[in-house]
Amino acid sequence: MKRIKPWKMILLATMALSLFTACSSQDENTTASSETPSKEEATSSTPPDPMGKYPDTVTVTEVLGYNPPEDPRTVQGITPEQNAYLKDLKDMMNIEVKYKWAVPSSQFEQKFSLAMASADLPDIMELDQKNYEKLKNQGMLADLTSAYNDYASPVLKKYMESDGGFAMKTFTSDGKLLAIPAFEDPFLSTQLLWIRKDWLDNLKLQPPKTIDELEKVAEAFVKNDPDQNGKNDTYGIALQKDIFFWGFDLRGLFNGFGAYPSIGDKQSAWIKDSSGKLVPGLIQPEVKTALGKLQQWYKDGVLNKEFALKDENKAVEDITAGKVGISFGEWWYPNWPLNLNVDKDPKAEWIAMQIPGLDGPGKSLVPKIRSNKVYAVNKNMKHPEAAIKMINFYIEMGNKKYMDKNKPEQGYVYNWFNPRIYNPADIETIYTEVNKALDANQTEITLDDENYKHVADVFKATKDYLAGDTKNASKGINWGQYFSRAAKDGGWGLTRQIKESQAFVNNEFYGLPTPTQVEKGPQLDKLMQESFTKIIMGAPLDEFDKFVSSWKSLGGDQITQEVNDWYSAQAVK
């Protein structure tokens, strides 16, 4: 039998009295918990405090895949265990994080697969949707319904309900909330073309608007010494080994050919055909056309000959070193890694453009929902509410009162902290508030909520960049903050223009991975990766037709059926 907690009984009694005396009515969420309350909670007469400190230390285990800190002001040599966020978490909430293991991001997927196979899971997990489905089906995830209802801060609930509760519903199964989704504005996935304007100027070339123009520019960047150093040491377009990834990959280039194979992070894309059915973008004829051009560009040196050996860090090294002048990617590139190139080469000037298409600017693929990761809790965790409180903590650290301490030079590395939930409208909020302050000629941000730090940091960097002031940060750091988030012709500014002009195509499938996607997805992804890489490096182009046949027979046809079953029954069109 479910028990109603004492604090809820008091709350209900108070509300009933209020209702009686005021002769008014209102709804109240009195959802009873499906979890057994903790001893402290069961005997308490006050509502749980979303930011409350445990009387005894609660230790939670996590695993981490991480890249180097994005901000070069970060304390040198710092490790994830030394992240200042963890010290504050211990001081403020008496929650201690222990990493079972921490590895570079490039090794995380393999390491986590082994952990899943051996059931050696941490308490709190960052999951992609396929791993979420696997662990859900294995009954390995805790029901977070009670923990969320009782402990989520008002701000966290505001974020989660900003889409009408749609994302939360997606990760609720049989009435149990099994994960907290980190969903964001879908247009954050919009692909842009980033290109060295100073190299264009050196070669007296115009920014490319078509694929043919892009080809001419890229070839000139290979052959005509764009950096004017007298050496044959540059190539055209940045690329790392994963064809469809989160950065320095080929999504934007394929989009320029009218091909929409992936939304990144190795997730296939689904577009609507003329009959109203969903078809896999990965096997459409436009993909073959794009592969043919990539094969030619590889042969001509537009693509680096060693791309199949490069991970994302190697691709970043080439950009930083000034070896490449073109990259497809999202709005955030100026914040990292283009800022590193700007600091290394004072002449470097990067601009953002709408992706080139066959007959003019092309259309980027945009998902209907952007929620590539979720945070879930091991069913064996003794304090699942600690995961919710840690999210509250991260959001709380964005308030003005923490502004002076929450800095990279003091050991705060935001992207090493999990679980981490942002305002889904974070970047739009920054863009709007910073430009509003600039237009009003303000000297400081007047916003006073949890968004303060993000907005104030960008406003400060913008003012310093526009004034040429490098006392607090390098030119690259200031430019990166400004040009990614606030500049009207920068990353988010151009993305907004693409959204407003509807220069995009939607990925129509936004459900959780289907059973066959979970079972066959890794095998099909490996098949795609190997086939496309071989074709780019010189295998006959007709290998694409063999790939399509294999993809369909090895599970693709079944996935197509499952996706369309979902589309017919559940999709909001």
Side-chain angles (χ1 to χ4, degrees), residues 5-8 11 29 31 33-64 80-81 83-99 121-127 141-161 168 171 176-182 373-399 401-402 405-406 412 414-423 449-450 453:
K5 302 163 192 175
W7 67 267
K8 281 187 174 175
L11 178 62
N29 179 9
T31 304
S33 170
S34 59
E35 297 281 328
T36 302
S38 65
K39 179 180 177 181
E40 295 83 356
E41 198 180 326
T43 56
S44 173
S45 60
T46 57
D49 180 357
M51 292 297 298
K53 186 174 185 177
Y54 287 103
D56 300 315
T57 300
V58 169
T59 301
V60 302
T61 58
E62 294 191 72
V63 297
L64 181 69
E81 291 81 2
N83 189 355
Y85 276 103
L86 300 187
K87 181 180 182 302
D88 282 342
L89 179 69
K90 178 71 163 55
D91 292 343
M92 293 169 62
M93 292 187 158
N94 208 9
I95 297 174
E96 187 171 49
V97 174
K98 296 285 189 184
Y99 289 113
L121 297 173
D123 291 326
I124 299 175
M125 296 169 279
E126 177 185 333
L127 302 174
L141 303 181
D143 179 6
L144 296 175
T145 310
S146 178
Y148 175 81
N149 287 341
D150 292 349
Y151 286 92
S153 69
V155 177
L156 174 57
K157 289 184 176 178
K158 179 178 70 177
Y159 290 174
M160 290 294 105
E161 293 164 6
M168 290 272 284
F171 297 98
K176 298 177 181 178
L177 176 63
L178 297 180
I180 304 297
K373 66 178 181 180
V374 300
Y375 294 105
V377 168
N378 190 322
K379 68 175 182 180
N380 297 319
M381 185 180 182
K382 293 180 180 178
H383 289 277
E385 79 286 348
I388 305 299
K389 296 179 71 166
M390 289 171 70
I391 298 173
N392 297 339
F393 160 80
Y394 182 78
I395 295 173
E396 168 71 12
M397 293 298 288
N399 279 290
K401 59 184 175 182
Y402 304 107
K405 64 181 302 189
N406 186 355
Y412 290 79
Y414 82 96
N415 55 340
W416 288 357
F417 183 85
N418 279 333
R420 187 176 74 250
I421 296 290
Y422 299 111
N423 176 359
D449 63 16
E450 76 283 356
K453 174 176 170 53

So with a 6.0 Å cut-off around NZ of Lys158, is the heavy-atom count from everything else above 12?
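For Lys158, atom NZ is crowded (more than 12 foreign heavy atoms under 6.0 Å).
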For residues [X] and [Y], report the shortest heavy-atom separation together with the two atoms involved.
X      : Y      : value
Pro48  : Pro50  : O-CD, 3.4 Å
Ala386 : Val58  : CB-CG1, 4.4 Å
Val60  : Met390 : CG2-SD, 4.0 Å
Met125 : Leu141 : CE-CD2, 4.0 Å
Gly52  : Met93  : O-CG, 3.9 Å
Ala142 : Asn378 : CB-O, 3.7 Å

What pairs with Lys405 under side chain to side chain donor-acceptor pair (under 3.5 Å), at least two apart in sequence or on another chain?
Asp88
Side chain to side chain donor-acceptor pair (under 3.5 Å) against Lys87, all qualifying residues, sequence neighbours excluded
Asp91
Just to verify, what does Lys453 make a salt bridge (charged side-chain N to carboxylate O under 4.0 Å, His left out) with, not counting sequence neighbours?
Asp457
Starting at [atom1] of [X], measure out to [atom2] of [Y] and round the result to the nearest 0.5 Å.
X      : Y      : atom1 : atom2 : value
Asp143 : Lys379 : CG    : NZ    : 13.0 Å
Tyr375 : Glu62  : OH    : CD    : 9.0 Å
Lys98  : Glu81  : NZ    : CD    : 9.5 Å
Ile95  : Tyr54  : CD1   : OH    : 5.0 Å
Glu126 : Leu64  : CD    : CG    : 8.5 Å
Met381 : Ile124 : CE    : CD1   : 4.0 Å

Considering the options Ile421, Asn149, Asp150, Ile180, which one meets the side chain to side chain contact (heavy atoms under 4.5 Å, CB included) requirement together with Ile388?
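Answer after filtering Ile421, Asn149, Asp150, Ile180: Ile180.
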Do the side chains of [Y] and [X] get nearer than 4.5 Å, heavy atoms only?
X      : Y      : value
Val377 : Leu144 : yes
Tyr148 : Met168 : yes
Tyr414 : Asn83  : no

Applying salt bridge (Lys or Arg N to Asp or Glu O under 4.0 Å), run through Glu396 and Lys389 and close with a yes or a no.
CA-CA 10 Å; Glu396 168 71 12; Lys389 296 179 71 166; over 6 Å; no
Flag, side chain of Thr145 to backbone of Leu177, donor-acceptor distance under 3.5 Å
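Flag set: sc Thr145 to bb Leu177 pair under 3.5 Å.
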Output yes when a side-chain donor or acceptor of Asp123 lies under 3.5 Å from a complementary backbone atom of Thr61, and no otherwise.
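Side chain of Asp123 to backbone of Thr61, a donor-acceptor pair under 3.5 Å: yes, one is there.
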If the plane angle is over 60° it's perpendicular, under 30° parallel, otherwise tilted; pick one for Phe393 and Tyr85.
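Geometry flag for Tyr85 against Phe393: perpendicular rings.
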Could you check Tyr159 against Asn423 for side chain to side chain contact (heavy atoms under 4.5 Å, CB included), going step by step and ending with a plain yes or no?
CA-CA 6 Å; Tyr159 290 174; Asn423 176 359; 3.4 Å; yes
Could you go step by step and tell me if Tyr151 and Asn392 meet the side chain to side chain donor-acceptor pair (under 3.5 Å) rule?
CA-CA 9 Å; Tyr151 286 92; Asn392 297 339; over 6 Å; no
